[in-house]
Each structure stands twice: as C-alpha cells, then as structure tokens.
Amino acid sequence: MSQEPKERKNWTDGELDLIVADDFSMLQDEAVSKPYNKAEHNRLLRQHIGRSEGSIEFKHQNISAVLLKLGGRRITGYLPAANYQKAIIAAIDRYISRHPIALHPERIVNGLAERQGLFVAMPPPLLPVKPTKADMERLIRKFNPVERDFRNRKLGRDGEELVFHHERQRLNQLDRPDLARKVQWISEELGDGAGYDILSFDVHGKERLVEVKTTVGADITPFYITRNELSLAGERPDAFRLCRVFDFSASPRMFELAPPLEDFVHLSPLSYEASFS
C-alpha cells in the first residue's frame with residue numbers, strides 16, 4: 001500500500017482547500033480538452049503551502065480515491081490512494097458545496113451517429129462489500145452519484161443514442177446490414193415500460209434486449225436498476241443485456257453484463273412499496 005511521504009503535521013484546512021481547488025481546476029481542463037501541466041501545478045502549490053512534491057502528489061491521489069466513491073472523474077495519472085486523513089473529506093465537501101457543477105462535468109457530446117464504434121471493456125471485478133466509514137457515507141448521501149445520473153435525463157438519452165448507433169455499426173461490420181436496419185430504439189419510440197431500451201440482434205438474428213445505464217463517472221460507479229428490468233433479465237436471460245456506459249463526457253466506453261446479474265454486481269433493495277391493504 002502506498003504511503004504519504006513523511007513530513008510535518010497533518011495538512012491544515014487551508015492547505016486542503018487549496019489542493020482540492022487545484023485538483024478540480026485540472027479536472028475542468030481535462031473535461032474541455034484543455035492542456036495543462038501537472039508538474040507546473042505542483043510547483044505553484046509548493047510555493048503557497050510549503051509541502052514537498054511527493055506529498056502534493058500523494059494528496060492528489062487521496063482526492064482521486066474520494067472522487068471515485070462519489071462517481072466522479074479523477075486526474076489521469078493520479079491513482080487512488082485510500083489511506084487519507086478524514087479532513088480531506090470535509091475539504092471536498094466544502095468545495096463541492098460551493099461549486100455544485102464540479103461533480104457534473106457533462107459537456108455537449110455531438111456526432112453520436114458518426115462515432116466509429118464504442119470501446120467495449122471488461123466489466124470491473126466483483127469485490128466483497130466493505131463497510132464505509134461514517135464521514136464518507138455522509139458525503140456519498142449528500143452528493144449521491146447514483147441519483148445524479150438517474151435524474152439526468154439528457155445523459156441517459158445520450159447514452160442510449162450512443163449504444164443504438166453502436167449496435168447498428170456492429171451489425172454492419174458483421175456483414176448483417178439487414179439486421180442493422182431492424183435495430184430499434186424502444187425507449188425513444190415507445191417509452192420506458194418495456195424493461196429495456198434497444199432491440200438489437202446477434203449475428204444469427206437472435207434478439208438482444210439492451211438496457212443502457214450511463215454515467216459521467218468511472219466504471220465502478222453504482223447505478224439504479226428497476227424491478228421491471230430485473231424481472232426481464234430473469235425471464236429472458238438469453239436475450240437481456242445490460243450495457244454500462246461510463247466516463248461519458250470525456251471518453252465514452254462501455255461494458256456488457258449478461259444474466260445472472262448477481263454474478264457481476266451486488267443488488268441492494270433501496271425502496272419499498274407502502275400500501276393500506
């Protein structure tokens with residue numbers, strides 16, 4: 001496990017506020033494809049807070065670890081380091097509370113139909129559930145990434161459109177233009193009640209019932225799945241496929257899950273129906 005370089009006492013709130021703001025500044029540059037220099041950012045911070053180069057880099061890795069829990073993006077090259085001081089959570093809370101748009105780095109993504117395919121990655125490994133510390137749990141509840149993505153209807157629609165064109169391109173590349181023409185964007189044409197978003201096919205003409213879940217966050221960002229979608233996955237395990245599109249604003253990629261979904265994700269009930277009879 002990586003450790004923070006040894007130096008004087010824990011970071012002060014003022015120092016943490018400066019490095020958190022610096023981290024989000026670089027993330028904003030990445031979101032709009034603006035070049036920046038991490039070494040130069042590090043040098044300028046050292047002038048203000050008197051910390052070592054290694055200590056600053058490690059603190060950026062701490063910030064990456066917290067942002068990953070919030071379903072946010074992290075700076076390329078700063079791998080998450082989870083053994084951080086509690087005060088970093090409060091500093092990130094302060095920054096996001098003052099700048100709510102910081103966790104919503106969506107930009108207008110054009111040309112979805114013209115994109116040449118969509119990179120398909122392997123699903124992340126299913127890891128044992130670990131208890132979350134109380135201060136981190138409060139932060140996650142306050143800036144819930146699952147709720148953020150769920151309520152962003154434009155993000156959801158854009159992700160569906162991206163997968164819709166990907167399915168057509170895939171079938172054309174498999175020399176099945178006849179099937180490509182039959183791909184339907186069900187949720188756009190008929191609404192959300194079908195339990196899936198896109199009707200597609202495999203190379204042999206077998207149906208693929210594709211449900212799309214999109215996030216601006218990383219591949220491990222949690223997502224909501226409805227009872228209707230779970231039921232369809234159980235009824236049609238041969239056809240149902242869940243496509244998880246992630247890192248949508250910067251570099252959209254996806255992975256695909258086939259039933260049983262419990263082999264890939266932990267399913268937790270979050271709400272209950274209240275009735276009087």
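Residue F150 places its CZ atom among 12 or fewer non-hydrogen atoms of other residues, nucleotides or ligands, all under 6.0 Å distant. The number of heavy-atom neighbours closer than 6.0 Å to NE2 of H266, taken from other residues, nucleotides and ligands shown, is above 12. In R98, the CZ atom is crowded: over 12 heavy atoms of neighbouring residues, nucleotides or ligands sit closer than 6.0 Å.
Under the 4.5 Å side-chain criterion, counting only non-hydrogen atoms from C-beta, F240 is not in contact with E235. Side-chain contact check for S200 versus L171: some heavy-atom pair is nearer than 4.5 Å. Side chains of V163 and V245 form a contact here, defined as non-hydrogen atoms less than 4.5 Å apart. Between Y196 and I186, the closest side-chain pair of non-hydrogen atoms falls below 4.5 Å.
The same ILVMFWY cluster, assembled from side-chain heavy atoms under 4.5 Å apart, contains both I198 and L190.
Between A87 and D13, the closest heavy-atom pair is CB-OD1, 4.3 Å. Residues L209 and R236 share a closest heavy-atom pair of CD1-NH1, 3.9 Å. Closest approach of F143 to L70, counting heavy atoms only: O-CD2, 4.1 Å.
Here the CG atom belonging to L261 is positioned 6.5 Å from the CG atom belonging to L267, to the nearest 0.5 angstrom. Here the OH-CG distance, from Y84 to N62, works out to 8.0 Å after rounding to the nearest 0.5 Å. In this structure, OG on S64 lies 11.0 Å from CZ on F58, to the nearest 0.5 angstrom.
Ring-centre distance between Y95 and F24: below the 6.0 Å cut-off.
A salt bridge links R157 with E188: at least one charged nitrogen is closer than 4.0 Å to a carboxylate oxygen. Of the charged side-chain nitrogens involved, none lies within less than 4.0 Å of a carboxylate oxygen, so that D178 and K182 do not count as a salt-bridged pair. A salt bridge links D93 with K142; the closest basic N to acidic carboxylate O contact falls under 4.0 Å. Residues D202 and R170 are not paired through a salt bridge, judged by the lack of any N-O separation under 4.0 Å between the basic side chain and the carboxylate.
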Could you go through D29 and S25, starting from their C-alpha distance and side-chain angles, then the distance that decides it, and tell me whether this counts as side chain to side chain donor-acceptor pair (under 3.5 Å)?
CA-CA 6 Å; D29 285 346; S25 172; 4.6 Å; no
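Hydrophobic cluster membership for L68: I220 (Ile, Leu, Val, Met, Phe, Trp, Tyr linked by side-chain heavy atoms under 4.5 Å, directly or transitively).
Checking K213, E229, E147 one by one against Y224, the side-chain hydrogen bond (donor to acceptor under 3.5 Å, both in side chains) holds for a single residue, E147. If you run side-chain hydrogen bond (donor to acceptor under 3.5 Å, both in side chains) between W185 and each of E160, E167, E161, H165, only E160 comes through.
Between H41 and Y36, the ring planes lie perpendicular to each other; the angle is over 60°, past the 30° to 60° tilted range.
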